[in-house]
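Each remark here refers to the structure printed beneath this line.
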Amino acid sequence: MDFLRPASWQEALAAKAEHPTAVPIAGGTDVMVEINFDHRRPEYLIDLGRIGDLYEWEVGEDSVRLGASVPYTQIMENLRSELPGLALASHTVASPQIRNRGGVGGNLGTASPAGDAHPALLAAGAEVEVESVRGSRRIPIDDFYTGVKRNALAADELIRAVHIKKADGPQQYSKVGTRNAMVIAVCAFGLALHPETRTVRTGIGSAAPTPVRARTAEEFLDAALDEGGFWDNGKIITPSVAKQFADLCAAACNPIDDVRGTASYRRHAVGVMARRTLTWTWESYRGARRTTEGAA
Amino acid sequence: MRVNFTVNGRPQEADDVWEGESLLYVLRERLGLPGSKNACEQGECGSCTVRLDGVPVCSCLVAAGQVEGREVVTVEGLADFAKQRSCGTGTGAGACAGHTDATPDSAPQGVSLDEAKAWAARPQDSHTGEGAQLSPVQQAFIDAGAVQCGFCTPGLLVAADEMLERNPDPTDADIREALSGNLCRCTGYEKIMDAVRLAAARQGEAV
Amino acid sequence: MSSPNGVPTKITQGSGTKGGIGESTLRPDGTLKVTGEFAYSSDMWHEDMLWGQILRSTVAHAEIVSIDTAEALALPGVYAVMTYDDLPTEVRNYGLEIQDTPVLAHGKVRHHGEPVAIVAADHPETARRAAAKIKVEYRELPVITDEASATAPDAIHIHEGRDDHHVGHVAHPNIVHRQPIVRGDVTRAAAKADVVVRGEYYFGMQDQAFLGPESGLAVPEEDGGVHLYIATQWLHSDLRQIAPVLGLPEDKVRMTLAGVGGAFGGREDLSMQIHACLLALRTGRPVKIVYNRFESFFGHVHRHPARLYYEHGATKDGRLTHVKCRIVLDGGAYASASPAVVGNAASLGVGPYVVDDVEVEAIALYTNNPPCGAMRGFGAVQACFAYEAQMDKVAKELGLDPVEFRQRNAMEQGSVLPTGQSVDSPAPVAELLRRVKAMPLPPERQWESSEGADVRQLPGGLSNTTHGEGVVRGIGYAVGIKNVGFSEGFDDYSTARVRMEVVGGEPVATVHTAMAEVGQGGVTVHAQIARTELGVARVTIHPANTEVGSAGSTSASRQTYVTGGAVKNSCELVREKVLDIGRRKFGSYHPAWATAELLLEGGKVVTDGGEVLADLVDVLGDEAVEVEEEWRHRPTEPFDLRTGQGFGHVQYSFAAHRAVVEVDTELGMVKVVELACAQDVGKALNPLSVLGQIQGGTVQGLGIAVMEEIIVDPKTAKVRNPSFTDYLIPTILDTPTIPVDVLELADDHAPYGLRGIGEAPTLSSTPAVLAAIRDATGLELNRTPVRPEHLTGTAPSTD
């Protein structure tokens, strides 16, 4: 095993180009477990810990450019208003110690369906900025996950940053685990209201081979909200609409039975979380509307 | 490979490090600092918690090569670290208020059963072992009965000390959240809660 | 060979330390433990040590066709590779009671993760790579995983040619042991019952999950022997099993207790002890073995999973008429402590209730599942979960309050157990229930704060699954009975060496036992006893090793009773000798030396009237007084193999719990809000430690109620979750406040009237939580742990 310590992003790209099987390591929360438990013996490790740019974020007009290694703790503490869904998801990641080290780049690189950040990224809308010596490109989050623990990265590419749309409405995130802290998701659900486009986006974790959006559910809800004039009248969402949305979210799952939970539970729980997060976000949207109207 | 870094304020060099070794392994097996514990080696228990450039991390998940040039504080250095903090960084002065220096007179008195049942965090005279210099949180763990087998203790101490640094007046929910990455199998956590409350109360008293 | 780093040293608690028995004296090892200086077995280190690695079977049941170690041996840095064929003597098995466990697999493997070969190398990674290069060819056999497959007429005998002392009274060689308890006439009693309630229950496989993984350092010695620094629960039991395999007399296997990172039963059996010694003797170098968490799940026995079938009858006025039960414990591939676990499950299977007509049968199976043995509560835990569920069901059927119903049937001092044994010390079962019920309840909707719901206090915690939706509170009660000490006629003794001398102008007592301090605080209590009995302030605790006689096991809630008793006894003998010296030296100066009752207090000899006769410093002068003596509790006797009658247990321990839970009934998430406990401890020698034991035991019970389970694939008998990622134990956010009400009713048979306390709280905690969840959900819940799928109707039908 060789341990490569590039001092700059360009050096890291060069190293990855030279050794396409090299495994990048930043927070170490996935890679080191595999090494400690003898599940993996990569020929090369590339330490990304010296590349300061990866630990920085920038809040732009419409989106946040989040360095791949910005620790979850920083996201929780500093980006709650811009990225409320991801901030909530970050708070559910493992333990404080892990949140101090791990970042979204690791979640994306591993691309485990159980990664906590994925549902929030899917719901908010994001692009993954990846780069190799050949050049840089942005992969829409919807195209990023290609299979169980597989992503759209080429062998010579590294994840540099994620561009996440700034919240234009309420966002929520829920995760089920069999313990009240420090637990890998049995399943997770992210939901974002986008009042500007009058759309709703979702993200489901750990209930299909990859993180997925519940597109049929989104389309149903978009249409129902539109037809009922809900965005304008700010009424409480009809229980039957919420129920159908929840059922469609559950139907978007393609889960398995494993030691963490049953397929049938996962489907059920995604439905419950979908209904609850819709209620929470919608209540929050209505509350914000009332405040705005009150001020006007 | 060779790794140079600072541990508890002293420069250290580890040679012939296998690239897959963790910081935890290097501390324990190469630097003679076994205080950080190897309970799970998968970031699930917090027994190996150290501060890496000030931040609490699981040292089992840090590759040795990643600490090149960085600063690590382990449980072995916690008392000094806390002392320097309470003195103001960098002064290194020996005499410094707000720190519990052990003296043979400040001996453990024990508590009665009723007191123990009704244990509430409160500032009180320090109880110590045999003349060791302890940080307030270390002392509180002994006094409150938060140590049984002690295997989780080093990691909990590093995590609790850091929380009290950030949040000197934590609620119970804050304590539980901050320590949710540290498993303990002996105590049922109640005495650990007592210890952190006690350390916070003593800290408040000292200020 | 030079000494390794981390050799335990004497710890002296100084003259400023006060605290005899009854005081919450602080731990003598506390300072070392908070500074990181306390050396655990995995911290041991030697200049030129090698690392041992164990190759384990990848399948559960197979014949070994061949093992090829050539490539492993050829790897640079590898010093030894050993298989069954390299074992030095004809003794190649070990075991606590039945020597059925091969040191290294021979011809066959019987469970997933069985040791097949061992390697010593200069770095743990080299050792791992070498182990991976050992080629083992298996011919797989069908796996036996439950009672039906184990006792089928054509079932493969997991152990062929059994000749142990249980084989004669079991119906099939795949049954380790069977213990019936028959008392009264169940059929006649059942006719009087107004209600009869039946239930079938399943108790999942629990892991001790001590945090310090199995580890130790074996150092070869110049006389051809070996010195093993080890974390264990019982040095002398290990020694008895290790020495014959090494072909060494016991005095050439020196054993020193290294720091123990928790035990809970999981260190009663050997793990890496023999392997480390074999490699050290083979290579002539010190060998350290440290399991990682994955290996630890395979490296020790677990709590027996159990299927339990119960029938309870009661009259309308709430009196139990009879109990029938059958308890099937899965012992896995090797016997370990299964026979004793069977004895406990059977004899305590009815619980702390008076029932005259009883029919109980408990068996343990041999299967290809992971071996199961000792864990805190030891057979009584599984039964308590089931009989307490039954008690709630009967109460409900009768329309009675569940606490009231239990109190009507509660045993008390003088009650006769189904074994025919009369309970001859306080048994305040009804009182414990009364006390736990009388504690104030935690406030409703405790999660509400001024800023909305605090998710940390709700089911799901930080995962943000509910802000109060679907959350229903439930309350449940349970009480249990656990025996203390080794039972069924076992010669349960301990040994203490106590020395008194003047050091630095001050009298000092040194206590040397082989007791394994595993965290429970035995060393604290020994110092307290020495202070109380010898009137000294300064006490030195000698490291535990095999230079002194056996202390017995740190298990069965027995160490404060038995080794505490031994220390007390040796102290008393030392006191007599000191007084004899005093009489010799000073007797002529004061008549009270001859006539009065004399005590040692505050470093002086005093009369019972308080008159000071002499300073201990003057009495002792340059003399040292030392006594090493064995001490044993009242003898017990085996249970009759047909009726289960007999004076089987020396003492009982009782605890009651009230659980308050909040369940998110839609998602099946549980938050235990409070878990109150009342326990009779006889006499709290160290109240702070007593609370620590009760709260710690309570949370282990909580764990098996809602999350902990080793999941074994029924098709392959392979463990599916050997990690802390998927075997979950409670975090501090899963743990409630645990108010404790301690009762001190002396047991006149025991030293200071004390009662063993460590296990009882682990019993009743689980059924109390389950009862509370049933109360909240209305579900039947016949298994533990209950996970979200069990609370939402989304579990597989086989569960």
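Naming convention: chains lettered A, B, ... in sequence-line order (proteins, then strands); numbering from 1 in each chain. Computed from a predicted structure; not experimentally measured.
- Chosen from C/V706, C/L458, C/D664, C/I732, the residue pairing most often with chain A at heavy-atom distances under 4.5 Å is C/D664.
- No other option in A/T279, A/V33, A/V259, A/D38 has as many heavy-atom pairs under 4.5 Å with chain C as A/V259.
- Counting all heavy atoms, side chain and backbone alike, C/L733 lies closest to A/A181 at CD1-CB, 3.5 Å.
- The number of heavy atoms from other shown groups lying within 6.0 Å of CZ (A/R150) does not exceed 12.
- Contact tally against chain C (heavy-atom pairs below 4.5 Å) for A/V176, A/V93, A/V186, A/D257: the top residue is A/V176.
- Distance alone, capped at 3.5 Å, is enough to place a donor-acceptor pair between the A/T262 side chain and the C/T794 backbone.
- With chain A as the partner, the residue from C/T466, C/V455, C/I711 showing the most heavy-atom pairs under 4.5 Å is C/T466.
- To the nearest 0.5 angstrom, C/E789 atom CD is 13.0 Å from A/R260 atom CZ.
- Between the A/S174 side chain and the C/N464 main chain, a donor and an acceptor come within less than 3.5 Å of each other.
- For A/R267, no part lies under 4.5 angstrom from a heavy atom of chain C.
- When heavy atoms are compared at a cutoff of 4.5 Å, C/V670 approaches chain A solely by way of its backbone atoms N, CA, C and O.
- Ion pairing between a basic and an acidic side chain is recognised when a charged N comes within 4.0 Å of a carboxylate O; C/E666 and A/R275 show such pairing.
- Using a 30° and 60° split on the angle between ring planes, A/W280 and C/H467 fall in the parallel class, below 30°.
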* Going through the checks in order, is the side chain to side chain contact (heavy atoms under 4.5 Å, CB included) test met by A/V183 and C/L728? -> CA-CA 8 Å; A/V183 71; C/L728 302 179; 3.9 Å; yes

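- The closest donor-acceptor contact from the side chain of A/R276 to the backbone of C/T465 lies under 3.5 Å.
- In this structure, C/K718 places its NZ atom where more than 12 heavy-atom neighbours from other residues, nucleotides or ligands lie under 6.0 Å away.
- Interface remark: C/P459 contributes backbone atoms only to the contact with chain A (heavy atom separation under 4.5 Å).
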* **side chain to side chain contact (heavy atoms under 4.5 Å, CB included) evaluation trace for C/E125 with A/M1** => CA-CA 11 Å; C/E125 174 66 1; A/M1 200 183 286; 5.9 Å; no

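- Remark: A/Y265 OH to C/T792 OG1 distance equals 5.5 Å, nearest 0.5 Å.
- If you take CZ on C/R456 and NE2 on A/H91, they are separated by 7.0 Å, rounding to the nearest 0.5 Å.
- Note: C/T725 OG1 to A/M182 CE = 9.5 Å, rounded to the nearest 0.5 Å.
- Put simply, the side chain of A/R179 never gets that close to the backbone of C/P730: no donor and acceptor are under 3.5 Å apart.
- The environment of CZ in A/R80 is sparse: at most 12 heavy-atom neighbours from other residues, nucleotides or ligands sit within 6.0 Å.
- Interface remark: C/D713 contributes no atoms to any contact with chain A (heavy atom separation under 4.5 Å).
- Heavy-atom distances place both the backbone and the side chain of C/D734 under 4.5 Å from chain A.
- Using a 4.5 Å cut-off between heavy atoms, A/D116 makes no contact with chain C at all.
- Contacts of A/Y173 with chain C are made by backbone atoms alone, with heavy-atom separations under 4.5 Å and no side-chain atom involved.
- No more than 12 heavy atoms of other residues, nucleotides or ligands shown are found within 6.0 angstrom of CD on A/E43.
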